[in-house]
Number of protein chains: 2
Amino acid sequence: MTTVLDIARLAGVSSATVSRVLNGNAGVKADARDRVLAAALETGYRPNRMAQSLRRGRSNTLALLVGDIEQNLYSSLTKHLQASVAEIGLDVLLYNLDHSPERLKSFLALAPALGLRGVVLATSDRIGPEFDPQLADLQARGLTLLSMIQRLDLRGVPSIVHEEFAATREAVSYLLGTGRAPVMYVGRISTSDLGAERYRGYRAALAEAGEPLRRELVQDVRFSYEAGYEAVTRALDAGLCFGSVQAGSDVIALGAVAALADRGRRVPEDVAVIGFGNANWTAFTRPALTTLSVHHEAAAMAARSAFAAAEAGRDVPPLVTIARSLIRRRSA
Amino acid sequence: MTTVLDIARLAGVSSATVSRVLNGNAGVKADARDRVLAAALETGYRPNRMAQSLRRGRSNTLALLVGDIEQNLYSSLTKHLQASVAEIGLDVLLYNLDHSPERLKSFLALAPALGLRGVVLATSDRIGPEFDPQLADLQARGLTLLSMIQRLDLRGVPSIVHEEFAATREAVSYLLGTGRAPVMYVGRISTSDLGAERYRGYRAALAEAGEPLRRELVQDVRFSYEAGYEAVTRALDAGLCFGSVQAGSDVIALGAVAALADRGRRVPEDVAVIGFGNANWTAFTRPALTTLSVHHEAAAMAARSAFAAAEAGRDVPPLVTIARSLIRRRSA
DNA sequence: CTGAAAGCGCTTACAG
DNA sequence: CTGAAAGCGCTTACAG
């Protein structure tokens with residue numbers, strides 16, 4: 001492996017000058033610079049990242065903590081984020097939390113020793129205040145923290161999130177406006193702040209339309225196919241009557257549609273269903289799923305911009321909120 | 001941040017002894033060891049990874065290169081692999097190739113400077129022999145290479161793959177045995193070795209059953225919903241007659257099912273469809289998708305074992321092949 | 001069994 | 001504008 005010393009020898013300068021040239025520092029005479037550049041090009045020299053990181057006190061690496069990479073929400077975010085930060089020279093270390101607070105805890109214990117440039121928190125599971133000291137400690141060490149699914153801005157972590165409340169309210173209002181009352185709500189509420197926001201939107205739409213809130217039509221379940229399937233099956237078997245389902249996620253919606261089909265209900269003729277998140281397969285199920293949009297590319301751009309700003313010592317906006325829109329397909 | 005010197009001071013020994021204790025090296029007296037361990041525990045000491053990596057000449061990091069993390073095949077593999085190698089202390093740096101050979105090229109140019117422990121290649125896109133010199137170079141530097149989707153064992157890269165030929169043959173034989181001829185094949189063939197293997201299985205099943213190969217029923221398309229939808233729509237609009245579709249992937253199958261539904265064909269009554277890969281949503285579409293299994297957990301275990309073996313200087317098996325089975329659901 | 005010393009490959013005050 | 005030197009925090013021959 002060629003080192004900075006090899007380049008220095010080839011160019012007839014010191015390693016300090018090589019470093020200055022390669023790091024774009026001012027104050028190197030043109031001919032010295034040219035000789036260094038030529039030598040670097042000729043040898044295909046790449047600075048040893050481990051040495052750079054040790055010396056600079058931090059690496060070019062971002063840790064990305066996702067709820068469950070197997071869910072489209074997270075894999076799509078990961079894809080765009082990786083592409084986006086690669087443009088400013090950052091690598092992504094992926095930690096799959098698998099919805100386990102233990103894994104978050106063990107990551108945070110390790111994180112300070114990793115020399116990370118930053119950490120992106122991307123999980124819908126509530127990150128409780130018990131983690132605040134460790135998060136603050138990381139920030140104190142100069143890491144840039146970012147939360148990309150749930151809001152943590154009020155606890156000092158800049159957040160880039162999607163709007164949940166108004167989006168759900170719009171979807172449920174749409175269902176009510178098309179004569180689909182009563183509306184069942186199936187989604188995570190209790191252990192997810194964004195889930196709670198969505199549920200709040202559901203209730204607001206009901207209230208605006210003068211519809212009563214029926215507890216038996218509210219199912220607080222995990223974000224999974226199975227949960228959607230089981231909740232709706234149970235409701236049908238209990239003889240509950242409803243004209244539509246607002247799901248807290250697309251996978252819940254798919255489970256709901258399957259449950260309805262298996263009990264002989266037609267979607268959307270008998271029961272309308274709206275998902276949440278516009279997962280990549282939602283346009284290809286039959287009926288195609290009506291759902292609420294997501295804008296990972298925009299979020300990834302905002303994240304890149306936040307890291308660039310932090311790097312340059314500029315302020316990072318405490319909160320960026322991305323609106324969603326209703327994507328009307330066939331299921332509602 | 002506490003360093004090895006702090007621990008040494010606290011324990012009343014030298015930094016060399018601290019290092020020996022922490023790395024499990026033999027030959028440290030019990031009382032010295034205990035004092036070091038106590039000091040480390042008390043301070044919550046974690047060795048600086050950047051310094052360790054520089055000194056040892058390599059990090060604890062594996063690069064994982066995937067075709068497209070947004071596809072369930074890759075996200076599921078990523079999930080299991082990350083969990084699996086975490087158990088032996090390895091982190092995963094994720095590179096999303098997005099099916100671009102350019103990205104692979106630029107990664108390989110950078111890789112030697114990264115101090116990686118290993119590289120996992122996980123893409124269905126053919127990695128041509130033009131990359132062999134760089135791959136060999138990485139191996140010569142002591143990196144452990146592993147290919148987890150396509151076979152590269154004949155080119156010196158240990159591979160952990162799923163069986164493709166017999167699996168497809170079994171699925172297509174099943175279609176023929178249930179009176180579903182002629183069978184259309186929709187999947188990637190030309191730029192993917194594993195796709196070609198699947199297609200070979202299709203042809204073998206046809207030959208065994210004495211069925212003719214009809215070129216117009218073979219569609220060489222990308223692994224995408226759109227491709228499946230368009231290929232089947234085109235076939236129907238051209239008036240082609242077929243009793244079933246063997247898809248080269250689950251997303252192609254979902255596109256095919258949608259195309260059939262949109263043209264008024266019932267699945268499986270009019271046309272049977274078999275997917276490939278048992279993506280996490282396949283049990284929840286209606287009709288539920290009959291498909292061929294995948295065993296990411298087994299593959300991830302094999303990968304962990306390979307890295308552990310390489311670490312210990314033991315031989316890594318050149319090829320591990322994992323069989324698939326037909327998962328019968330509703331669509332065929 | 002243990003410590004002093006060297007060194008991994010960089011970057012950056014410091015001095016000129 | 002440039003070089004000699006120090007040092008980031010480890011690990012490991014080397015010597016005892």
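Throughout, protein chains are lettered first and strands after them, A, B, ... in sequence-line order, and every chain is numbered starting at 1.
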- request: Report yes or no: do A:N72 and A:S76 form a side-chain donor-acceptor pair below 3.5 Å?
  value: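 No, no side-chain donor-acceptor pair sits under 3.5 Å.
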
query: Is it true that the side chains of B:Y95 and A:D91 contain a donor and an acceptor less than 3.5 Å apart?
result: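 Their side chains do contain a donor-acceptor pair, which is all the 3.5 Å distance test asks for.
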
task: Please lay out, stage by stage, how B:R33 and B:R20 fare under the test side chain to side chain contact (heavy atoms under 4.5 Å, CB included).
output: CA-CA 9 Å; B:R33 177 160 42 79; B:R20 286 187 192 104; over 6 Å; no

message: Stem list for DNA chain D, please, built from Watson-Crick and G-U wobble pairs under 3.5 Å and keeping only runs of at least 3.
response: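 Runs of three or more consecutive pairs: C:1-3 with D:14-16, C:5-12 with D:5-12, C:14-16 with D:1-3.
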
Can you tell me the distance, in whole Å, between the [atom1] atom of [X] and the [atom2] atom of [N]?
X     : N      : atom1 : atom2 : value
A:D6  : C:dC10 : CG    : C1'   : 13 Å
B:R58 : D:dC10 : CZ    : P     : 19 Å
B:L22 : D:dG9  : CG    : C1'   : 13 Å
A:N23 : C:dG9  : CG    : C1'   : 13 Å

task: Please list, chain by chain and in numerical order, all residues satisfying salt bridge (Lys or Arg N to Asp or Glu O under 4.0 Å) with B:R56, sequence neighbours excluded.
output: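 Here no residue qualifies.
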
message: Using the salt bridge (Lys or Arg N to Asp or Glu O under 4.0 Å) criterion, which residues pair with B:E42? Sequence neighbours excluded.
response: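 Testing B:E42 for salt bridge (Lys or Arg N to Asp or Glu O under 4.0 Å), a comparison that skips the adjacent residues, returns none.
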
query: In chain order, what residues pass the side-chain hydrogen bond (donor to acceptor under 3.5 Å, both in side chains) check against B:D125, with sequence neighbours excluded?
result: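 For B:D125, the residues satisfying side-chain hydrogen bond (donor to acceptor under 3.5 Å, both in side chains) (neighbours in sequence not counted) are B:H99, B:T123, B:R188.
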
- prompt: Taking all non-hydrogen atoms of both residues, which atom of A:L22 and which atom of A:Y45 are closest, and how far apart?
  reply: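 Heavy atoms of A:L22 and A:Y45 come nearest at CD2-CE2, 3.4 Å.
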
field: Main-chain N/O of A:G128 paired to A:R155 side chain as donor or acceptor, under 3.5 Å
entry: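 The answer is yes, because a donor-acceptor pair under 3.5 Å joins these two groups.
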
field: Side-chain (A:N23) to main-chain (A:S19) donor-acceptor, under 3.5 angstrom
entry: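 Yes, because the side chain of A:N23 sits within donor-acceptor range (under 3.5 Å) of the backbone of A:S19.
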
Contact list (N/O, under 3.5 angstrom) for nucleotides 1-3 of chain D vs protein:
unit_1: D:dT2; atom_1: OP2; unit_2: A:K29; atom_2: N; d: 2.8
unit_1: D:dG3; atom_1: OP2; unit_2: A:S14; atom_2: N; d: 3.0
unit_1: D:dG3; atom_1: OP2; unit_2: A:S14; atom_2: OG; d: 3.1
unit_1: D:dG3; atom_1: OP2; unit_2: A:T17; atom_2: OG1; d: 2.8
unit_1: D:dG3; atom_1: N7; unit_2: A:R20; atom_2: NH1; d: 3.4
unit_1: D:dG3; atom_1: N7; unit_2: A:R20; atom_2: NH2; d: 3.4
unit_1: D:dG3; atom_1: O6; unit_2: A:R20; atom_2: NH2; d: 2.4

Rounded distance in Å between the [atom1] positions of [N] and [M]:
N      : M      : atom1 : value
C:dT2  : C:dA6  : P     : 22 Å
D:dT12 : D:dG16 : C1'   : 16 Å
C:dT11 : C:dA15 : P     : 22 Å

task: Using heavy atoms and a sub-4.0 Å distance, could you list which residues of residues 42-56 of chain B are near DNA chain C? By number, please.
output: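 Heavy-atom contacts with DNA chain C come from B:L54, B:R55.
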
- request: Could you walk me through whether B:L90 and B:V92 pass the side chain to side chain contact (heavy atoms under 4.5 Å, CB included) test, one step at a time?
  value: CA-CA 7 Å; B:L90 297 178; B:V92 172; over 6 Å; no

Ion pair A:K79/B:D98, N-O distance below 4.0 Å: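 Here A:K79 pairs with B:D98 in a salt bridge, since their nearest N and O are under 4.0 Å apart.
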
